[in-house]
Amino acid sequence: MRENLPVLQVVVPLLAAPLAFLVRRPRLSWLVALGAAFWAFFAALSLLTGVLASGAIGYEIGGWEPPWGIEYRIDELSAWVLVIVSGIAAVVLPFARASVEREIERDRIPLFYTALILCMTGLLGIAATGDVFNVFVFLEISSLSAYGLIAMGQNRRALTSSYQYLIMGSVGATFIVIGIGLMYSMTGTLNMADLAERLPAVAASRTIPVAFAFLAVGVSLKLALFPLHLWLPNAYTYAPSAVTAFIASTATKVAVYMLLRFFFTVFGAAFSFEVMHLDRILMPLALVAIVAMSLVAINQENGKRLLAYSSVAQIGYMVLGISLASVLGVAAGVLHLFNHALMKGSLFMAMGCVMYRVGSCRVEAMAGLGKTMPFTMAAFVVGGLSLIGVPLTVGFISKWYLVQAALEKGMWGIAAVVLLGSLLALAYVWKVVEVAYFRPPPDGPGVREAPLSLLIPTWVLVAANLWFGIDAKTTAGVALRAARMLLGAGS
Amino acid sequence: MRLLGYFNYWIVVALMMIGFYTMISRGNLVKKLVGLSVFQTSVMILYISLGKIFGGTAPILLEGEEHVVYTNPIPSVLILTAIVVGVATLAVGLALVVRIHEAYGTIEEDEIHVQDDVM
Amino acid sequence: MAAVAIALPALGAFVVLALGKWPNAREAATLTTGVALFALVVSMIHPVEDGTGQGWTLLEVLPGVTLGLEVEPLGLVFALVASLLWPVTSLYAIGYMRGHHEENQTRFYFFFAIAISAAMGVAFSANLFTLFAFYEILTLCTFPLVTHHGTEEARKAGRVYLGILLTTSVGFQLLAIIWTWQIAGTVDFRPGGILAGTASKGVLSALLVLFVFGVGKAAVMPFHRWLPAAMVAPTPVSALLHAVAVVKAGVFTILKVAVYVFGLDLLGTLSSTPWLAWAAAATIILGSLVAFTKDNLKARLAYSTISQLSYIVLGALLANEAGIIGGGMHIAMHAFGKITLFFGAGAVLVAAHETDISRMHGLGRTMPITFGAFFVGALSIIGVPPAGGAWSKWFLGLGTLEAGQLGLLATLMVSSLLSLVYLLEVPVRAFFGRPPEDAHHPEGIHEAPLPSLIAIVFTALATLTLFVHPGLLHDLMTMVVSR
């Protein structure tokens, strides 16, 4: 079974999706989804250990040799992303049961889990495949199911948000297809490794830079890189809580993965950064994202929206690290991929707990929750501290590497912006904390603490925030190996 | 005349721009989707054009015919997938528009904004 | 052992939380933990004096970056002061919190114990990373203490407190630490420093600036606003944390960076050192001048603290042995003196409900013990015998002479004169002034509750004792500079 894991990783959830719909009973379909998520997590972990022990694993679909057949290829980076996506799914699904029963009509729940599992399948597929057209197909699988998931939010604005996301997402995906087609027209191959070999010979043509540009814009749209982030705040705000927690910690991360794959593995760092100067676009945009989006977050009145803008800012950190195009910088980006999934996951799940009991995520509505929902708000505080980058949390580890990478290149200003971002994060996190702890709870029926089925998954992620902040050797080690692999510096 | 030789690409560019413009300029949600569809269709033509060779036939191996020129089948196959994706996108999009119409009673973007702001 | 010293108060904190419903048992737990902690720290003196201090690596966070502990003389001085004054302050707090009918006392004692735990972590940290981690924990866990009353005023003060402390530490100090890691390849504290010869003088000078201003807890102007803001907290918090544990963690960090990261030899050659010394001198004078203008006793004491903290920063920046010895001793001397003054201020609040100096005239006759102790504490801050503060000022003065900085010596003297006036004004008016017309001072002798009174007398006596027996402090600090 071990040699088939790369494909089973994706196929099992893919088959679980219709099953979750066919069983029809909400509880049963939840169980199916849970099983798929745990299976994916188990498979991803064993793939990661396999890759770390003995290098990249390839799998030829249907026995067709690459570059003719479709190849699945798991290296350090893809295994890492697989672990993130499936790990978050394995934590969010236990959380989802109670949360979804509260937020979604009963007869739609099997559909909900079907879409959720499909979304996870798509994200896993993007990370597992070694074929660029396959990336597009999985991208659309995950996106289409995400549109459906977001549209299931209670507020009717969920529908318009989903529509807006659909339009922008489809444009992004189409741009990616155009880029892929142009690459194919010059090289006649779709396999990533093969493309990487053949592209240098034709790189001087006009077509390849055009393909590069289409891919860059398309991926940036999916990534919600400022200023192409407009779909993200609404989508995160109005989606059901469990969906926000899942998508916020995985979808944009996989888009970052696509960025790394296309521009480091396929085009090669030398072409992307020395010929096309991708960093000259990414770096300023990332810096603006960090500062401007954090400022916007401070002014938000809805907790989920506040965190959504914070996500756009945090994506800036990842892109910033990548745009430094050094081993340390890329490692910082890859590390933040994981760390940010942990912090945003726990924060959005804390918001989900609030939604469950209070029925609203407006900051105003959180008055007094520090007393009435102490464990939920404590989770929010720890997640927030991690976002700020307080030592002994994962956020600190990300900052440590990112600042180091900037200093290594002698870019003091960038190091300063990174730290400034931390302080802005303090401002928006503390805005919520102050309301929760210093405002008296409103009169009327008291709010109780969220049920354990919500609290336990939330605290699992909170604990992971602390654990990987105290012992970051493993995560930093994997990130560094992935970065060396991407930059072709050997491991 | 050289420019005309690329006529299929000119069509691609024209369709792409028309689709993109429709998507941006129209406030009607269905018209936006139409624009999106035109935009995606242009990419399909792009792919087919890439694989087409003048005088080429379908790639079917025949006994005894050694020097037949074939059209590259892979772009066509790829685009079959893209068509499926496009149809699915359109379906989801239209379904959303139906739901939006149920919830707001309109599918004009500006009227929806007005309703949301009032709330 | 160092790990136990950190774990003990943390453990005590959870016992306090568990015993929340039984106030007497809860306070007994605090006191017992405090005494046990002090005994533990005292037991570390001998190994350190024998030169057998140890280091422990708790765990490796990143390759080369560890959570590590170490017992060395400078940290021991800080730990001794903080651990001795914790049970004393707890005793005082029992009288104060009950006498003043404060709410949420369990939360108060809980975070108090956590703060002490973090202070122990700062004292025993073996590298900059560990120190930074505990430094931030100390900031965060004192936040609920500062905002204890939960009022609008407390919330605003909390914002200033957290805003300044986190801005400086994340913006400057963390940058400096990562920079140090970048150029030196290590963040360990080592005798003689780790930075010598690693980068140009210009870079290292800039680094020093980042460290001095990045340690916001040392309250070098213009990053001092958080300290007066923190005065909205209950008086025991102001007394122990904002005269001892938190602010001393700041100046302790600066001493530690000066001695173990830069090394005195390197420090003396950097171009930014004299500028920063003058910045500290300016803080000394300005702090004293502002203290003059404050009628609220706690505010006056806060500005006095700002001024006195810069004595220690100045001592570190003199970059000679006398300066470091003086600075280190001043950590202890100022702690005992200032805590006595804060105890006095709190006692007046509890017993006579007065906060302004102008309304304390004549109160000396009703509260003779309190104001007597206040007098002793003031002497120590001013730096005249027979109070302990005389010794540290003596060494700091020697340090300025050794550095050939007569201007700085003059600064120290002027500031002492200023503090003479603004501190002694309080007991003098209390003993000899006439009560204001509308004051309702109690008749006869009416002191603060007994536990508080015991604490005040204890710290006042300790201040006097330190004048007679400064030997231990001096020996430990001599070890710091001769390691």
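In what follows, chains carry the letters A, B, and so on, assigned in the order in which the sequence lines appear, proteins first and then strands, with residues in each chain numbered from 1.
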Heavy-atom side-chain proximity of B:Glu102 to A:Arg156 below 4.5 angstrom: no
pair B:Val85-A:Ile141: side-chain heavy atoms closer than 4.5 Å: no
Which one, [options], leads in non-hydrogen pairs under 4.5 Å with chain B?
options: A:Phe133, A:Tyr147, A:Phe136; value: A:Phe133
options: A:Thr160, A:Leu182, A:Ile180; value: A:Thr160
options: A:Leu190, A:Ile167, A:Leu144; value: A:Leu144

Check whether [X] gets within reach of chain A through its side chain, its backbone, both or neither, counting any heavy atom under 4.5 Å.
X: B:Thr89; value: both
X: B:Tyr104; value: both
X: B:Leu36; value: side chain
X: B:Ile100; value: both

B:Tyr9 atom OH, neighbour heavy-atom count above 12 within 6.0 Å: yes
From CA spacing to verdict: side-chain contact (heavy atoms from CB on, under 4.5 Å), A:Ile178, B:Met16: CA-CA 11 Å; A:Ile178 297 173; B:Met16 199 180 277; 3.6 Å; yes
Toward chain A: residues of residues 92-99 of chain B with heavy atoms under 4.5 Å: B:Val92, B:Gly93, B:Leu96, B:Val97, B:Arg99
Chain B contact via A:Val177 - which portion, at a heavy-atom distance below 4.5 Å: both
Region of A:Phe175 in contact with chain B, defined by heavy-atom distances below 4.5 Å: side chain
Side-chain donor/acceptor of A:Tyr184 to backbone N/O of B:Pro75, under 3.5 Å: no
Approximate separation, where rounding is to 0.5 Å, of B:Leu46 CG and A:Thr174 OG1: 12.0 Å
Spacing of CD belonging to A:Gln164 relative to CD belonging to B:Glu109, to within rounding of 0.5 Å: 8.0 Å
Nearest heavy atoms of A:Leu159 and B:Ala103, plus distance in Å: CD1-CB, 3.9 Å
Option in B:Leu33, B:Thr81, B:Ile79, B:Ile112 with maximal non-hydrogen atom pairs under 4.5 Å from chain A: B:Leu33
